[in-house]
Amino acid sequence: MTSAFGHFTQQPQSNRPAGFRVTGAHLAELYANAARVWGDMPAFATRRQALEWEPTGFRELYNRGCFLATALIDLGVEPRDHVGLLGDNRLEWILADYGVQLCGAADVPRGRDVTDGEIAFIFRHAGIRTAFVETETLQDRLLRLRGKLPELREVILLDPRAKPAEGVRRLSGLIETGRRLRDAGDRRVEERVAQISPDDLFTLIYTSGTTGEPKGVMLTHANMISQLERIPLEVTCTDRVVSILPVWHIFERVFEMLAVSRGCCTFYSSVRTLSDDMRNIEPTFMGSAPRLWESIHQKILKRVKEAHPVRRGLFHTAYFLSHYYKESVFFLTGRSLDLKGRGRIRTAVLGIIHAVRWALLLPWYGFFNAAVLEKLRLVVGGAFKGSVSGGGALPREVDQFFNYLGIPVLEGYGLTETSPVIAVRTPSKLVIGTVGPVIPDTEIRIVSLDTEKILYPDRSRDDLGRGLKGEILVRGPQIMKGYYRNSEATKAALAEGWLRTGDIGIITFNDCLKIVGRCKETIVLSSGENLEPAPIEMRLNQSALIDQCMVVGQDRKYPGVLIVPSLEGFSELGISMNHRSELNGRKEVRQRIAAEIRQRISHKEGFKVHERLHAFGLLPEPFTTDEELTTLFKLKRHVVTEKYRAEIDAMYHRAEAER
Amino acid sequence: MEINQQLLNPVEQGLLAIMILIIMFGMGATLTPKDFRSALERPRGMLIGFLSQFGLMPLIAFSLAVLLQLPPALAIALILIGCLPGGTTSNMFAYFARGSVALSISMTAASTLLALVMMPILLDLYASGFADRIDADLRAAGDDVGFVMPYTNIILSLLLVLVPVAGGMILLRVSPDWAKTAEDTAGFMAIVVILFLLGSVLIRHSNLFLITPWQIYLGSLCVGLIGFLFGYGMSSLTRLPPRYKRSVSLETGIQNGPIAFAIILLSFREPLQSQMLWLAILYSSFIVITSSFVTLFYRRIGKGDWEIHRNNLVHKRLFGEDYHTRYPEAAVGKVDQR
């Protein structure tokens, strides 16, 4: 099961209703309605040059989708067929999706980084007979695997500039064929659309997950439509969304569907051109990995450090004021984290203190907000209402920074299995440290990790069991139909409509969900004590000297950590090396890292004694998405443990010798 | 209301002069020659802006002075404020009010230059009656010199404050980075100067707050507020796009306070000087507060048309100049889509 995806952001807005939206019983109907309502407004934009983009309107997209669907039906794609879709974000991808939905089939998407083994497994498991491939490379790889895929009949190439191999069709050719058929009166698309039931699959997503064989998550039209109608993000037809995360992942996909529903334009960017594109597009929303937010945070701090002393002073004053001002505002509006249930008297006293502080800071905050913070906010593009960050929790420091700066970060939580949103912060429930309240029509249970007892909601308690920690179970219209042809896994995850998330959470006293860690990630020390690696890693990753790290220690006396040191960080200290292996040999480097660990994972920072890291090893290579990370930058812990087994043993030996 | 002692002592006057210098320098650091030229490219907005700034605003000030029966010295001060060109703070407020910053800057630039001609004419039109009354009062009290409106000095003071503005413009050309620092410093100084003046008065003339009659408070408060209202009304009547309306409105109500201080210090002598300064201080303090509220209000009502405008700008930039985006009314409501 894939895990938490992260963080929505949105600016608290005027009282305008949450926004006009287009909807439908299923995606095919949504697409048709969007074409009718939004007409020639730009739906998706493709980059030609920095300042030259090609828009495609909603009506145009829908028409071409119908042509493609007609051609697909003609090729023999049946209703409810599974159609492979290998590739990354681009107009042709969404066009292929339109075609698949409009002929009543479901797509099985994966990105360019899919491995041959995965292709073979997924295509056989899903019984794929027709597949889209984005690039020539993917086409060639798929054709080489053809011997193992007896069911595969048709391959369609998306990239208009790529050269199709023999027997491979071009997307543009199919659209032409479809156009001719429709012009001649072919109305099979309408017949197909009429047959679609909301309970049919619109996609079958194979999650690589962090462990084991891929599982096919069956998501229905009703799942997706329920999300589009309930996600409380104020995206409107005057917004601009940048697409950068892999679209085959449900998290980016729901954003693109949301864009279709709300009528805003999605711009396809790439990692290489992102910072240029941000300036030119001035996006108002985007989905991103936490890494982007961390790097923007670093960039702002760096810019401040290099600024003229007067301006640096102004920034520090502004941030100081804004921090305490916003903290008071958050408290007074019931948006401060409350895990224990504050007493009335305590709340009243704190309330008075915060009210006084608020009133005292208001005029100063007003000026500095206008004069200093507004300019800083331009770093994320002048129009940013915020971002949605996927792949894990934002470090608290970064989270606070943006919220206090005036870029409200609305963190959310969900899984592929929940298509994906379970909970998300809303402007009125923007509680830092939580993922916000659960979205409408969705129920949550917190279940004891040991006894399976329902801790929340527990009607026998006055507080219903708020503040208690356990595994999160969820039920609602967004829950998947099951894992495709894997009843065992389905049974393990789904019971009576309740999905086990595998995540540990707490319901706070202001009814928000707080994610604490993963059940499966929990490291059990030989002493029997449990520890969550994620918070420790998050804290270490904040260091400029550390690029990446992973905490280990299952069945050991104490936890240790594998560290990928930062070349850049050390070069700023005057230790410039071309490669980490040279760096790791330096005694000074080891000392610095050791000091960094001691200082960050300390009692003062809120870490317990058994969480202190007594062993560490330096790695010569960073973790990459090819091997140790999922496409959303989540650690595949078993892969790392396997790969660096020798290093882990060595580091514990070293630590023992030193003790 | 009598101010027996000089409102600001020589040291404070010197400090004030330095602050004015910094503020005007910072104002220059935001301006390029292009801003003056591009004023001509927005003829309709500029014309309406000109009419509100030099047509409406002095008339509002005059009417208030008459209606509230202000003493002649304070009446002259109020009219002087009414005739001033726009200040740089209006550009900042226009930005946050989702107005057209370009129009605001152009109006500031143009009105600063035009003030050289317009201010003497307008003062002659509206303030000469009050000047005659002062002259008569002084002579009756045995003063031989009497009072004549110091037109030459006013023009010279205006020219003098334009020197640091020009200096700032040169700095922007030489080093944009330092110009930015100058701009920030000036923005900060604009607040400091008001606090400094209020503080000086509070420390040495604390009873002044109590003995000032309500008419003076009301006049210095209302001149800006009515300016906002009429500026908006005028640009609505002439059917300017919404973001232009907000700019014209703010530009009309927000005057260049530092120039008022400079003119009063350099052109008027006691006992007029202190009284006039006091009114200018009150105006500058009130206008910061009122324009903050007006800005928040404009920001709120302007959200719809502003987001459309901004989206259109990006679409034109990326999809080509002739790309037109039309929004269904069902989604955006009845909004001026220009």
Value rounded to 0.5 Å, distance of [atom1] in [X] from [atom2] in [Y]:
X	Y	atom1	atom2	answer
L318(B)	Q49(A)	CG	CD	12.0 Å
R326(B)	C237(A)	CZ	SG	14.0 Å
D239(A)	N311(B)	CG	CG	7.5 Å
T238(A)	K303(B)	OG1	NZ	6.5 Å

(message) So which residue, K180(B), M92(B), H324(B), ends up with the most heavy-atom pairs under 4.5 Å with chain A?
(response)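 Heavy-atom pair counts peak at K180(B).
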(request) Mind listing the closest non-hydrogen atom pair of H315(B) and P42(A) along with its distance? (result)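 Looks like CE1-CG, 3.4 Å.
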(request) Counting only heavy atoms closer than 4.5 Å, note whether L314(A) contacts chain B via side chain, backbone, both or neither. (result)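 The answer is the side chain of L314(A).
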(message) With a 4.5 angstrom heavy-atom cut-off, is it the side chain or the backbone of A307(A) that approaches chain B, or both, or neither?
(response)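 Neither part; nothing is under 4.5 Å.
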Whether over 12 other heavy atoms sit under 6.0 Å from [X] [atom1]:
X	atom1	result
F330(A)	CZ	yes
K316(B)	NZ	yes
R239(B)	CZ	no
R48(A)	CZ	yes

Please tabulate, for the side chains in residues 248-258 of chain B, all donor-acceptor contacts under 3.5 angstrom to protein atoms that are two or more places apart in sequence or on a different chain.
from    : atom 1 : to      : atom 2 : distance (Å)
S249(B) : OG     : F228(B) : O      : 2.8
S249(B) : OG     : Y298(B) : OH     : 2.6
E251(B) : OE1    : S90(B)  : OG     : 2.9
E251(B) : OE1    : S104(B) : OG     : 2.8
E251(B) : OE2    : S90(B)  : OG     : 3.3
E251(B) : OE2    : T108(B) : OG1    : 2.8
T252(B) : OG1    : V248(B) : O      : 2.6
Q255(B) : NE2    : I81(B)  : O      : 2.8
Q255(B) : NE2    : G82(B)  : O      : 3.0
Q255(B) : NE2    : L84(B)  : O      : 3.4

(message) Only heavy atoms, only distances under 4.5 angstrom. Which residues in residues 34-41 of chain A are near chain B?
(response)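 Checking residues 34-41 of chain A against chain B gives V37(A), W38(A), D40(A), M41(A).
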When the side chains of residues 284-297 of chain B are checked against the rest of the protein, which donor-acceptor pairs come out under 3.5 Å, sequence neighbours left out?
from    : atom 1 : to      : atom 2 : distance (Å)
S284(B) : OG     : A280(B) : O      : 2.9
S285(B) : OG     : I281(B) : O      : 2.8
T290(B) : OG1    : F286(B) : O      : 3.1
T290(B) : OG1    : I287(B) : O      : 3.3
S291(B) : OG     : I287(B) : O      : 2.3
S292(B) : OG     : V288(B) : O      : 2.7
T295(B) : OG1    : S291(B) : O      : 2.7

(message) So for Y95(B), is it side chain, backbone, both, or neither that comes closer than 4.5 Å to the heavy atoms of chain A?
(response)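 Answer is side chain: those atoms of Y95(B) sit under 4.5 Å from chain A.
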(message) Which atoms of T325(B) are under 4.5 Å from chain A, going by heavy atoms: the side chain, the backbone, both sets, or neither?
(response)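 For T325(B), side-chain heavy atoms alone lie under 4.5 Å from chain A.
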(request) Measure the shortest side-chain to side-chain distance between F20(A) and P328(B) over non-hydrogen atoms and say whether it is less than 4.5 angstrom. (result)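 A side-chain contact under 4.5 Å is absent here.
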(request) Evaluate the ring planes of F267(A) and F319(B), with Trp represented by its six-membered ring, and classify them as parallel (under 30°), tilted (30 to 60°) or perpendicular (over 60°). (result)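 F267(A) and F319(B): parallel rings.
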(request) Run the salt-bridge test on R317(B) and E52(A) with the 4.0 Å N-O cut-off and return the result as yes or no. (result)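 Salt bridge between R317(B) and E52(A), a charged N being under 4.0 Å from a carboxylate O: no.
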(request) Could you tell me which residues in residues 191-203 of chain B have at least one non-hydrogen atom under 4.5 Å from a non-hydrogen atom of chain A, sorted by residue number? (result)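 Listed by number, the contacting residues are I191(B), L195(B).
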